[in-house]
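One structure below.
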Amino acid sequence: MTFAEHPIETPPRAPSPVQKFGTRAVHAGAPHDPITGAVIAPISLSTTYAQTSLGKPVGQYEYSRSSNPNRDNFEQALASLEHARYALAFSSGSATTANILQSLAAGSHVISVSDVYGGTHRYFTKVAATHNVRVTFSPAIENDIAGLIQPTTKLIWIESPSNPTLTLVDIRNVATIAHLHGILVVVDNTFLSPYVQNPLDHGADIVVHSVTKYINGHSDVVMGAAAFNSEDLYERLSFLQNAIGAVPSAFDCWLAHRGLKTLHLRAREATKNATGVATALKSSPHVVSVNYPGLPSHPQYAVTQKQHRDAMGGGMLSFRIRGGHEAAERFCQSTRIYTLAESLGGIESLVEVPSAMTHGGIPREQREAAGVFDDLVRVSCGIEDEDDLVADVLQALEKAVVGPKVTNGLVKNGNGHA
């Protein structure tokens, strides 16, 4: 099952939403139970469904790997929020990536942004290569795309914002060039969520999510999803969803659907908190630079204004701390509210050092070429009180940068002597 070659025709878009985001988040894919009247769907744990005769199931379900009521409900809800006609849920964000890449024929070529999630980079370089799919990474995909396209190029992979340097890509600019060559464009929208950005509205063919993050939002589900408008993509990717079998459980779908219902509330609060933290970091003498697309100083702020709801920056940011890797590590160990952990997008705030954690598997030269230096700290702002998060960041900076210079009340010089 491979993608068609030339040309790409724009598929019919999903009907324009009549209701606003919050209303759709609560009600999309959430019918009342026709028998009991329950306003929240029950969890359908059955793996198989009775048939009245050979090949004649009682309802629309036969086997839970192929389809399940809770998965269907979640997929309908996500499709609504991403302005898509279709959505498919997978067992993880990485499984979503794998299914899309698996749909490419051997010998295909992919172009990807360089600053990409470490797991995606691992799949591109270690797994896709085993079935002869080659990936070229670009640190400036908007500028480089025309020169990177080859006769075998079938897919362009974008993260906007990218992980972890929060670089933005003008999706429409890339999609316009890609579609002229019959190339599909995939956008990983994990960092922003459907509340802040809808890539299909800007020309993308597929939008993918690690549902684990903002959509579920409670750090208790591992799951992924893809949304799109093309019926052909639906036929191809739903076939692989069933054939490969990397599907989420009914319970995970139920949990993720519950989390999705409050996405708009959490995304707004996380953005508010991240804006406050980014502003404080930018003013600190202990910080080299701050990466946050909600700040007017961000080099692609014009893209923020074009692609993001109300020019929101989202809940993710990163910054380079003075003092190198050791200071970055001390910072993460000195926070009181933020937890040192991988992942993002939950109700709780997290910090990590990508070079040693989420992106540790990428060779140092490649990491630094993409802006992932050893002194870079990634921050996921949750929904705690903004003032508390700002205060925690500032006190941790003091301990990480100033603290080591002071011993017995005396300030050391660069050689470590008082």
Side-chain angles (χ1 to χ4, degrees), residues 113-118 120-121 137-142 158-170 187-193 196-197 213-214 267 270-308 311-325 327-328 331-332 335 338 342-345 349-359 362 366-382 389-390 393-394 396-397 400-401:
V113 294
S114 296
D115 182 14
V116 71
Y117 166 55
T120 302
H121 186 278
F137 295 96
S138 168
I141 200 164
E142 285 185 67
I158 295 170
E159 284 186 10
S160 185
S162 63
N163 181 1
T165 66
L166 285 295
T167 301
L168 303 183
V169 175
D170 189 316
V187 176
D188 186 335
N189 199 27
T190 296
F191 259 38
L192 289 182
S193 87
V196 180
Q197 177 176 258
K213 313 306 192 297
Y214 281 105
T271 295
K272 174 176 172 289
N273 289 342
T275 302
V277 170
T279 301
L281 288 170
K282 188 172 175 58
S283 300
S284 172
H286 308 315
V287 172
V288 176
S289 60
V290 178
N291 304 313
Y292 183 61
L295 293 178
S297 58
H298 190 283
Q300 290 110 21
Y301 187 66
V303 178
T304 300
Q305 294 174 302
K306 176 181 178 180
Q307 290 180 181
H308 301 184
M312 294 171 69
M316 296 298 300
L317 62 100
S318 62
F319 68 96
R320 295 184 65 186
I321 189 171
R322 297 192 186 280
H325 177 78
F331 173 86
C332 292
T335 55
Y338 291 87
E342 296 185 357
S343 199
L344 59 106
S349 294
L350 306 176
V351 290
E352 65 120 359
V353 178
S355 64
M357 297 172 69
T358 54
H359 294 65
I362 302 175
Q366 294 180 33
R367 277 195 287 105
E368 294 189 346
V372 186
F373 296 96
D374 288 347
D375 58 2
L376 185 74
V377 177
R378 193 185 77 177
V379 181
S380 173
C381 288
L389 293 180
V390 170
V393 162
L394 295 180
L397 279 174
V401 179

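Excluded from the calculations below are hydrogen atoms, water molecules and symmetry mates; all remaining heavy atoms, backbone and side chain alike, are included. None of these values were measured; they are calculated from a predicted model.
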[X] side, atom [atom1]; [Y] side, atom [atom2] - distance, nearest 0.5 Å:
X: Ser297; Y: Lys282; atom1: OG; atom2: NZ; value: 3.5 Å
X: Leu166; Y: Gln300; atom1: CG; atom2: CD; value: 10.0 Å
X: His308; Y: Ser160; atom1: NE2; atom2: OG; value: 5.5 Å
X: Cys332; Y: Met357; atom1: SG; atom2: CE; value: 7.0 Å
X: Glu159; Y: Ile141; atom1: CD; atom2: CD1; value: 11.0 Å
X: Cys381; Y: Tyr338; atom1: SG; atom2: OH; value: 4.0 Å

Indicate the ring-plane relationship of Phe331 and Phe319, choosing parallel, tilted or perpendicular according to the 30° and 60° boundaries. perpendicular

Applying the side-chain contact (heavy atoms from CB on, under 4.5 Å) test to Arg378, which of Val353, Thr358, Leu317 qualifies? Thr358

Regarding Thr275 and Tyr292, do their side chains bring together a donor and an acceptor under 3.5 Å, going by distance alone? yes

Between Gln197 and Phe191, is the side-chain contact (heavy atoms from CB on, under 4.5 Å) condition met? List the steps. CA-CA 10 Å; Gln197 177 176 258; Phe191 259 38; over 6 Å; no

Would Asp170 and Gln307 satisfy side-chain contact (heavy atoms from CB on, under 4.5 Å), going step by step from the backbone distance to the final call? CA-CA 8 Å; Asp170 189 316; Gln307 290 180 181; 4.0 Å; yes

Report yes if some heavy atom in the side chain of Leu397 is under 4.5 Å from a heavy atom in the side chain of Ile321; otherwise report no. yes

